[in-house]
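Here's the structure, in structure tokens; my notes come after.
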2 protein chains.
Amino acid sequence: MRNRGPANVLVEPELQEALTLVREGLAKRKTLFLVGVCRVDYKGRAESKLGPGERVLLVKEDGAVLVHRPTGYEPVNWQPEGCLFQTRMMDDRLVIRAIRSKPREVLTLTFNQVNLAAQLHLVDRSEFILYASERDMRQAVLLNPELIEPGFKPITYEKKVEPGFVDVYGVDRDGRFVVVEIKRKTAGCGAVLQLAKYVGSIKSVVNREVRGVLAAPSMAKGVQRLLVTLGLDFKPLDPRKCAEILHKAETKKLLEFFEGRT
Amino acid sequence: MRNRGPANVLVEPELQEALTLVREGLAKRKTLFLVGVCRVDYKGRAESKLGPGERVLLVKEDGAVLVHRPTGYEPVNWQPEGCLFQTRMMDDRLVIRAIRSKPREVLTLTFNQVNLAAQLHLVDRSEFILYASERDMRQAVLLNPELIEPGFKPITYEKKVEPGFVDVYGVDRDGRFVVVEIKRKTAGCGAVLQLAKYVGSIKSVVNREVRGVLAAPSMAKGVQRLLVTLGLDFKPLDPRKCAEILHKAETKKLLEFFEGRT
DNA sequence: GAGTGGATTTCGCAT
DNA sequence: ATGCGAAGTCCACTC
């Protein structure tokens with residue numbers, strides 16, 4: 001039943017056996033999975049206590065720790081990547097301690113019983129692609145300014161002005177200042193008012209014409225009227241297209257990197 | 001090797017076997033654990049793609065889903081509690097789909113290979129106690145206003161005033177308005193200035209005396225002088241004691257609930 | 001149901 | 001290092 005195949009798995013092991021597996025896994029930087037009855041104590045930025053119960057412990061290859069109860073999206077206790085470990089038997093219990101130094105935080109699990117223990121080496125090199133975060137859309141606009149309009153030249157982004165942060169700030173083909181407000185999804189009145197505030201704020205400083213462009217996949221109903229009233233422009237911007245642009249740029253960068261290496 | 005003991009565990013199963021275990025686990029509302037090579041696709045508020053690689057899938061008893069890569073605190077993809085599942089074989093691959101209705105989000109895992117599959121029923125009834133979040137401390141003050149001072153009567157909390165939000169707002173034994181600013185840890189100058197701003201803001205509105213009380217476990221050095229200068233008060237407030245108060249209140253509520261039922 | 005603020009938020013980037 | 005804003009944030013709670 002034990003130590004079979006590439007996955008090192010123990011079912012209903014003695015605590016001492018589990019300890020051996022845990023130590024080996026930590027030493028080899030493998031992914032650890034432990035299910036059993038444990039107490040959990042955390043002390044650091046805050047302090048928490050959790051009495052005995054059956055939980056799932058996941059220790060990742062980078063030292064991240066997750067303790068999950070049988071319900072809920074969030075871990076009940078955790079430790080971010082890069083922490084150090086102590087393991088030992090104490091009073092017939094298996095104690096696993098994960099220590100983070102900055103800030104100082106200690107997470108202690110005390111197992112009375114282990115039902116399942118596994119030590120796994122996971123190979124995972126694929127790239128994760130998320131379409132359509134606002135940040136990505138801004139990046140795409142900076143890479144391909146013509147997404148806004150022909151001749152648009154970005155100057156800065158996340159520019160701080162009085163009411164907040166301008167997504168992208170630049171000049172158009174005629175040299176007029178342009179404030180671009182990007183929204184990941186259908187732009188509502190809030191986005192327009194925000195843009196108008198930025199335009200007004202910059203206008204009052206530079207004392208010449210400033211255009212405002214709202215870039216979003218679509219507008220909520222009534223927003224167009226508001227835009228027209230305030231003299232602002234709208235430019236449809238597809239999050240997925242933005243993601244493609246970024247993906248291509250990333251691929252190009254990788255290619256250049258490897259060209260530079262060969 | 002299979003279906004042994006209380007934990008139903010499969011090591012290096014055929015996909016069809018894994019499917020059976022997954023379906024049984026979902027039907028019986030058990031905790032599911034799957035390790036294997038899979039693709040992950042998400043579509044909902046955003047959209048993401050992740051090519052093949054070895055990952056850990058955790059499905060909890062309330063339908064929460066977590067997909068973890070071998071590194072990092074956060075799941076690469078997930079689904080909050082309460083989602084529905086579809087499972088099937090397609091082109092010799094095991095497909096697990098977790099669907100959330102509001103907002104509409106679909107998470108699809110396509111396994112080429114399963115290295116480890118487990119179906120577990122976890123019993124976990126212990127109460128999780130977190131000492132000292134600011135929110136908990138505020139709650140403790142509302143439950144036991146004498147933590148601030150004898151005769152203190154809270155009126156509202158999280159009261160919006162010009163510069164931000166007042167933690168607790170009330171009247172003292174003499175009917176004077178009191179603004180309470182709670183800090184979870186040693187209060188610095190920032191807390192005092194924040195409190196002073198709130199006091200000033202409210203004073204300008206009500207046009208009579210307003211006291212300010214800083215409630216925190218301790219003060220940073222120099223803070224006392226600042227408090228005295230600004231005419232504000234300090235009240236030591238122990239986060240752990242607050243946690244105890246909340247714990248007792250919760251217990252009392254439970255008792256009342258069960259009394260009401262019998 | 002929408003909106004607001006906290007979180008042991010984490011994460012990433014800019015200063 | 002520090003600070004700030006975004007996040008498929010989640011989560012609890014008010015309106």
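Each chain gets a letter, A, B and so on, in the order its sequence line appears, and its residues count up from 1.
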Take the protein atom [atom1] of [X] and the nucleotide atom [atom2] of [N], then report the distance between them rounded to whole Å.
| X | N | atom1 | atom2 | result |
| --- | --- | --- | --- | --- |
| B:L142 | D:dT14 | CG | P | 11 Å |
| A:H68 | D:dC10 | NE2 | P | 14 Å |
| B:L107 | D:dT9 | CG | C1' | 16 Å |
| A:L130 | D:dT9 | CG | C1' | 12 Å |
| B:D62 | D:dC10 | CG | P | 14 Å |
| B:Y42 | D:dT9 | OH | C1' | 11 Å |
| B:L50 | D:dG8 | CG | P | 14 Å |
| B:I182 | C:dG6 | CD1 | C1' | 13 Å |

With a 3.5 Å cut-off and sequence neighbours excluded, list the donor-acceptor pairs that the side chains of residues 76-86 of chain A form with protein atoms.
residue, atom, partner, partner atom, Å
A:N77, ND2, A:S48, OG, 3.1
A:Q79, NE2, A:A98, O, 3.0
A:Q79, NE2, A:E105, O, 3.2

Kindly write out the residues that satisfy salt bridge (charged side-chain N to carboxylate O under 4.0 Å, His left out) with A:D41, not counting sequence neighbours, or none if the list is empty.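 Salt bridge (charged side-chain N to carboxylate O under 4.0 Å, His left out) list for A:D41, sorted by chain: A:R39, A:K49.
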I'd like to check the salt bridge (charged side-chain N to carboxylate O under 4.0 Å, His left out) partners of A:D124; sequence neighbours left out, ordered by chain and number.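 If we apply the salt bridge (charged side-chain N to carboxylate O under 4.0 Å, His left out) test to A:D124, skipping adjacent residues, the hits are B:R55, B:R69.
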Pick the closest DNA chain D nucleotide for B:N77 and for A:K102 by heavy atoms, then say which residue is nearer the 5' end.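 Nearer the 5' end of the strand: A:K102.
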C1' atoms of C:dG6 and C:dT10, separation to the nearest Å: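 Per the computed distance, 14 Å lies between those C1' atoms.
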Which heavy atom of B:P154 sits nearest to which heavy atom of B:V141, and what is that distance?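 Closest approach of B:P154 to B:V141, heavy atoms only: CG-O, 4.5 Å.
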In 5'-to-3' order, the base (B), backbone-only (S) or no-contact (-) status of each nucleotide in nucleotides 10-15 of chain C, using a 4.0 angstrom heavy-atom cut-off, is SSSSS-
Any A:V213 side-chain heavy atom under 4.5 Å of A:F152 side chain: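 They are not in side-chain contact.
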Using only modelled atom types and a 3.5 angstrom limit, is any donor from either the side chain of B:Q79 or the base of D:dG8 paired with an acceptor on the other?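 Checked by distance alone, the answer is yes.
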Got a sec, which residues hit side-chain hydrogen bond (donor to acceptor under 3.5 Å, both in side chains) with A:E134, two or more places apart in sequence or on another chain?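 Per chain and number, A:E134 pairs via side-chain hydrogen bond (donor to acceptor under 3.5 Å, both in side chains) with no residue.
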Under 4.0 angstrom, heavy atoms only, what part of the nucleic acid is B:E134 near: base, sugar-phosphate, or nothing?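 Touches sugar-phosphate only.
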Taking only residues two or more places apart in sequence or in another chain, which ones pass side-chain contact (heavy atoms from CB on, under 4.5 Å) with B:E181?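 Listed in chain order: B:D167, B:K183, B:Q194, B:L195, B:Y198, B:L214.
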